[in-house]
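Working notes, beginning with the structure itself.
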Amino acid sequence: MVTIEVAGRAITLLPQKAAFLRDTRTLLIADAHIGKATSFRALGVPVPRGTTSETLSLIGELVARHGAKRIVFLGDFLHSARSHVVATLDAVALWRAQHPTLEIVLVRGNHDDRAGDPPASLGFTVVDEPLMDEGLALCHHPEPVAGAYVLAGHLHPCVSVHGRARESLRLPCFHFGSQVGVLPAFGSFTGMHPAKVAPGDRVFAVADDAVRELPT
């Protein structure tokens, strides 16, 4: 884990591709894309099963490990309208029942607009961006917000690292610019896109269960 300061707040970057605000015990998760594999299978694409259970199990582990009292999903909690199948929603409901006192906030993203809000029975608070939080603007889209530092998702950022034998590897990353920071996609079945790094930016790659800052 790596802890940095952003807008006067201590933010711990987790190798599980989430972030933790220590002062409010808030877990930040971008782009969970629950039900994405189900959505693809409904379209006839053969993809692995069990990704929803794996994602929810990992969230539960992070909540327990860090003593989180709140989760803020930075958009794209559900992947599409096809994610509302019984099996997927039952899995989410079971997970929610295991964390009845946990405050959960969803900042709507572009996939949430298409998928629709999670069922009210899950007890999520669902809001439009930005969600202002003591100097931070918690968003889905990585666009500047006046008077705050933005933490967002949407881009699924990654970086390429190169070895001495000219081999290369793409790694998910946290990318912090002057006004906006972007978290990697949390979901286990999501793609990645190269981060557009400007001079002065900070980039933290996730590899081998560790977070490491890279020279820019």
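All of these numbers come straight from a predicted model, not from anything done at the bench.
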Practice task
Before giving the answer on side-chain contact (heavy atoms from CB on, under 4.5 Å), spell out for Val6 and Phe176 the whole-Å C-alpha distance, their side-chain angles and the decisive distance to 0.1 Å.
Solution key: CA-CA 9 Å; Val6 175; Phe176 293 91; 4.2 Å; yes
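- Under the 4.5 Å side-chain heavy-atom criterion for ILVMFWY residues, a single connected hydrophobic cluster contains both Val2 and Val206.
- Using a 4.5 Å cut-off on side-chain heavy atoms (C-beta onward), Phe174 and Val203 make no contact.
- Hydrophobic cluster membership is shared by Val211 and Leu151, with clusters built from Ile, Leu, Val, Met, Phe, Trp and Tyr side chains linked at under 4.5 angstrom.
- Counting all heavy atoms, side chain and backbone alike, Pro118 lies closest to Leu106 at CD-CD2, 3.7 Å.
- With a 4.5 Å cut-off on side-chain heavy atoms, Met1 and Pro15 count as touching.
- No side-chain heavy atom of Ser160 sits under 4.5 Å from any side-chain heavy atom of Leu169.
- Atom OG1 of Thr101 is separated from atom CZ of Arg70 by 14.5 Å, given to the nearest 0.5 angstrom.
- Atom CG in Leu13 sits 6.0 Å away from atom CZ in Phe204 (nearest 0.5 Å).
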Exercise for the section: Check the pair Phe186, Ile59 against side-chain contact (heavy atoms from CB on, under 4.5 Å), reporting the backbone distance first and the verdict last. Expected result: CA-CA 9 Å; Phe186 184 85; Ile59 295 173; 3.4 Å; yes
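- Rounded to the nearest 0.5 angstrom, Gln98 CD and Leu56 CG are separated by 9.0 Å.
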Exercise for the section: Under the side-chain hydrogen bond (donor to acceptor under 3.5 Å, both in side chains) rule, what do Thr52 and Thr88 come out as? Steps first, then yes or no, please. Expected result: CA-CA 7 Å; Thr52 292; Thr88 297; 4.6 Å; no
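- Ring centroid separation for the pair Phe77 and Phe124 comes in under the 6.0 Å cut-off.
- Rounding to the nearest 0.5 Å gives a distance of 6.0 Å between CG of Leu21 and CG of Leu136.
- In this structure, the side chain of Asp31 engages the main chain of His154 through a donor-acceptor pair within 3.5 Å.
- Using a 4.5 Å heavy-atom cutoff, the side chains of Leu14 and His66 are in contact.
- No donor-acceptor pair closer than 3.5 Å links the side chain of Tyr149 to the backbone N or O of Gly135.
- Using a distance-only test at 3.5 Å, with no hydrogens or angles considered, no donor-acceptor pair links the side chain of Glu129 to the main chain of Leu138.
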Exercise for the section: Let me see the working for Val159 and Cys173 under side-chain contact (heavy atoms from CB on, under 4.5 Å), right down to the final yes or no. Expected result: CA-CA 7 Å; Val159 290; Cys173 70; 3.8 Å; yes
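- At a threshold of 4.5 Å between side-chain heavy atoms, the hydrophobic network of Ile, Leu, Val, Met, Phe, Trp and Tyr places Ile29 and Leu58 in one connected group.
- Nearest approach of Ala195 to His175, heavy atoms of both residues: CB-ND1, 3.8 Å.
- Using modelled atom types, one side-chain atom of Arg9 and one backbone atom of Asp133 make a donor-acceptor pair closer than 3.5 Å.
- Residues Val92 and Leu94 have side chains not in contact (no heavy-atom distance under 4.5 Å, counting atoms from C-beta outward).
- In the hydrophobic clustering of ILVMFWY residues, with side-chain heavy atoms under 4.5 Å counting as a link, Val197 and Val161 come out together.
- At least one donor-acceptor pair under 3.5 Å links the side chain of Arg25 to the backbone N or O of Gly67.
- Between the NE2 atom of His33 and the CG atom of Asp76 there is a distance of 4.0 Å, given to the nearest 0.5 Å.
- Under a 4.0 Å N-O distance rule, the pair Lys196/Asp201 does not qualify as a salt bridge.
- Taking the side chain as every heavy atom from C-beta outward, Phe73 and Ile104 approach each other to under 4.5 Å.
- Using a distance-only test at 3.5 Å, with no hydrogens or angles considered, a donor-acceptor pair links the side chain of Arg96 to the main chain of Leu102.
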Handout entry: Thr26/Lys69 under side-chain contact (heavy atoms from CB on, under 4.5 Å): CA gap, chis, key distance, verdict
Key = CA-CA 6 Å; Thr26 297; Lys69 297 298 184 183; over 6 Å; no
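- Rounding to the nearest 0.5 Å places NE2 of His156 at 11.5 Å from CG of Leu183.
- Within the 4.5 Å cutoff, the side chain of Val105 has no heavy atoms near those of the Ile71 side chain.
- The nearest pair of heavy atoms linking Ala30 to Gly153 is CB-CA, 3.8 Å.
- Within the 3.5 Å criterion, the main-chain N or O of Leu74 finds a donor-acceptor partner in the side chain of His140.
- Closest heavy-atom contact between Val180 and Pro144: CG2-N, 3.9 Å.
- In terms of heavy-atom proximity, Pro130 sits nearest to Val145 at CB-CG2, 4.2 Å.
- Side-chain contact check for Gln16 versus Leu62: some heavy-atom pair is nearer than 4.5 Å.
- Val107 and Cys139 make their closest contact through CG1-CA, 4.1 Å (heavy atoms, listed as atom of the first residue, atom of the second, distance).
- In the hydrophobic clustering of ILVMFWY residues, with side-chain heavy atoms under 4.5 Å counting as a link, Leu155 and Val150 come out together.
- Identified under the salt bridge (charged side-chain N to carboxylate O under 4.0 Å, His left out) test for residues 204-216, with sequence neighbours left out: Arg202-Glu213.
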